[in-house]
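Right, one structure below, let's go through it.
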Amino acid sequence: MAELMVRDGTWTFDGDAVRIVPGRERGVHKLRQDLGEFTVPLAALAGIALEPARKGGRLRLRLREGADPLLQVTGGGLPDEANPYRLTVDAGRVEVAEYFVDTVRQALMLEQIPDGPTDRYLLPGPSVPLSAAGVDGVATFDGERVHLEWRWNTSETKRDWGPRNFTLGALEAVEWRAAAGLESGYLRFRPRGATERLKPEHDPNSIELWGFKKESGTTALLAAAVAARLPHPSAGTGKSLPAAAPAAPLTPAAPLAPAAPRAPAAAPAEDHDALLRRLRELGELHRDGILTEEEFTATKAAVLRRFHTGG
């Protein structure tokens with residue numbers, strides 16, 4: 001038995017699994033606290049390392065590719081401080097951390113655990129039910145169904161479609177991307193057979209994400225919970241997926257009934273009207289506390305640059 005207890009959290013290894021309990025200190029990222037306590041089986045581990053730092057160090061678990069639905073669905077997009085497999089080690093606990101590393105490495109060697117990818121999830125993913133808010137909508141997942149509800153500031157295109165509902169059998173995949181610069185992030189649910197890809201602000205199967213601190217952490221957990229219950233991306237490579245009920249046709253809720261969703265206009269999206277609208281939205285999101293001061297300032301500056309240069 002090896003145990004490392006620091007302000008950032010507690011890791012315990014019993015020879016078969018690492019139990020991770022996040023700390024409750026103010027500096028511990030909300031995603032880690034929302035994820036809560038969970039267990040990583042030895043079979044899911046590819047390695048462990050202690051990285052030196054100015055004061056103490058950082059302990060990191062490296063998981064086998066495809067073992068964890070959270071890492072799979074976020075694709076490396078989580079910021080370092082939100083990574084549940086990273087633990088900040090106080091200077092006085094470095095020797096304990098070194099012993100912890102040696103103990104886990106010895107178990108991996110004795111059990112001859114492969115460090116290559118896996119074709120099935122070895123962790124169950126976040127517990128449900130879950131609710132996650134983005135910029136223009138709220139997603140809920142009860143373990144069987146996904147429901148999307150739009151906020152007041154959603155695009156007219158999404159509003160025309162009305163609320164969205166998906167069973168797991170109707171979904172081919174769930175996708176999550178963090179925002180990057182002026183590019184919005186998204187939480188997207190991809191129905192089986194769907195081929196059209198719209199921008200997040202127009203896609204009736206997506207919730208738009210800006211920034212990370214406020215909303216994206218919980219959306220990543222919800223995405224992982226859905227992914228954990230869908231077929232693994234590497235399972236049955238080259239074979240068709242198990243039969244399931246086809247996805248409901250992509251048609252708006254009554255009484256609206258356009259033949260097909262309105263795609264974004266072909267004209268450049270960065271015209272003055274669009275940029276002015278973006279600035280107003282940024283101000284509202286900042287006022288409502290969805291964007292932090294830092295995120296608001298950086299994004300506003302980028303929009304203003306587009307405004308003065310014409311894109």
Side-chain angles (χ1 to χ4, degrees), residues 30 34 129-142 145-166 174-191 196-223 226 248 250-258 260-265 267 269-304 306-307:
K30 188 175 184 296
D34 288 345
L130 274 171
S131 179
V135 173
D136 60 350
V138 178
T140 55
F141 178 53
D142 62 6
R145 292 177 179 272
V146 174
H147 177 72
L148 301 184
E149 225 20 271
W150 306 120
R151 287 179 158 178
W152 63 270
N153 60 336
T154 192
S155 66
E156 183 180 351
T157 305
K158 289 185 178 181
R159 195 177 298 116
D160 284 352
W161 293 104
R164 304 288 289 154
N165 291 283
F166 307 98
V174 56
E175 301 170 358
W176 182 92
R177 295 293 182 275
L182 278 180
E183 290 295 321
S184 297
Y186 58 84
L187 168 63
R188 172 180 286 141
F189 301 93
R190 196 169 77 230
E196 189 171 20
R197 294 294 184 93
L198 303 176
K199 290 185 176 181
E201 60 265 34
H202 298 289
D203 185 355
N205 302 324
S206 298
I207 288 180
E208 191 175 10
L209 307 177
W210 292 358
F212 187 88
K213 293 182 180 178
K214 288 292 182 181
E215 77 278 356
S216 297
T218 312
T219 60
L221 295 181
L222 189 145
V226 174
L250 201 62
T251 52
L256 301 170
R262 293 193 296 275
E270 300 292 344
D271 59 24
H272 281 196
D273 288 342
L275 291 170
L276 286 171
R277 185 167 59 251
R278 189 71 154 178
L279 286 172
R280 287 195 297 269
E281 291 173 349
L282 284 172
E284 292 166 354
L285 292 167
H286 179 242
R287 186 179 62 248
D288 294 342
I290 294 175
L291 288 180
T292 64
E293 181 68 32
E294 180 180 310
E295 291 167 338
F296 169 69
T297 301
T299 311
K300 178 183 176 182
V303 173
L304 288 174
R306 292 288 185 92
F307 194 99

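All figures in this text were calculated on a predicted structure; none of them were measured in a lab.
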Original post:
Any side-chain heavy-atom pair from Arg188 and Arg177 closer than 4.5 angstrom?
Top reply: no
**OP:** Please determine, by modelled atom types, if Asn165 and Arg145 share a side-chain donor-acceptor pair under 3.5 angstrom.
**Re:** no
Subject >> Residue pair Arg190 / Asn205, side-chain heavy-atom distance below 4.5 Å >> reply: no
Original post:
In Å and rounded to the nearest 0.5 Å, what is the CG to CG distance from Leu222 to Asp34?
Top reply: 12.0 Å
Original post:
Side-chain contact, heavy-atom cut-off 4.5 Å: Phe189 with Val226?
Top reply: yes
Original post:
Which atom names give the shortest non-hydrogen contact between Ser184 and Pro200, and what distance separates them?
Top reply: O-CG, 4.4 Å
Original post:
From Leu130 CG over to Asp142 CG, what is the distance, rounded to the nearest 0.5 angstrom?
Top reply: 10.5 Å
Original post:
What is the distance from atom CD of Glu208 to atom CG of Asn153, rounded to the nearest 0.5 Å?
Top reply: 8.5 Å
Original post:
Looking at Arg164 and Pro204, what are the two nearest heavy atoms and their distance?
Top reply: CG-O, 3.1 Å
**OP:** Nearest 0.5 Å please: distance from the CD atom of Glu156 over to the CD atom of Glu201.
**Re:** 14.0 Å
Original post:
Should Thr219 and Ile207 count as side-chain neighbours, where that means a heavy-atom distance under 4.5 Å?
Top reply: no
**OP:** Quick one: pull up CD in Glu149 and CG in Asp136 and give me the separation to the nearest 0.5 Å.
**Re:** 12.0 Å
**OP:** Quick one: closest heavy-atom pair of Val138 and Arg151, and the distance?
**Re:** CG2-NE, 4.1 Å
Original post:
Do Asp203 and Arg197 have side chains that get closer than 4.5 Å, going by heavy atoms?
Top reply: no
Subject >> Reported OG-to-NZ distance for the pair Ser206 and Lys158, which is rounded to 0.5 angstrom >> reply: 6.0 Å
**OP:** Identify the heavy atoms of Pro191 and Phe166 that sit nearest to each other, and give their distance.
**Re:** CG-CE2, 3.9 Å
Original post:
Any side-chain heavy atom of Trp176 sitting closer than 4.5 Å to one from Leu209?
Top reply: yes
Original post:
Of the non-hydrogen atoms in Ser131 and Thr218, which two are nearest, and what is the gap between them?
Top reply: O-CG2, 3.3 Å
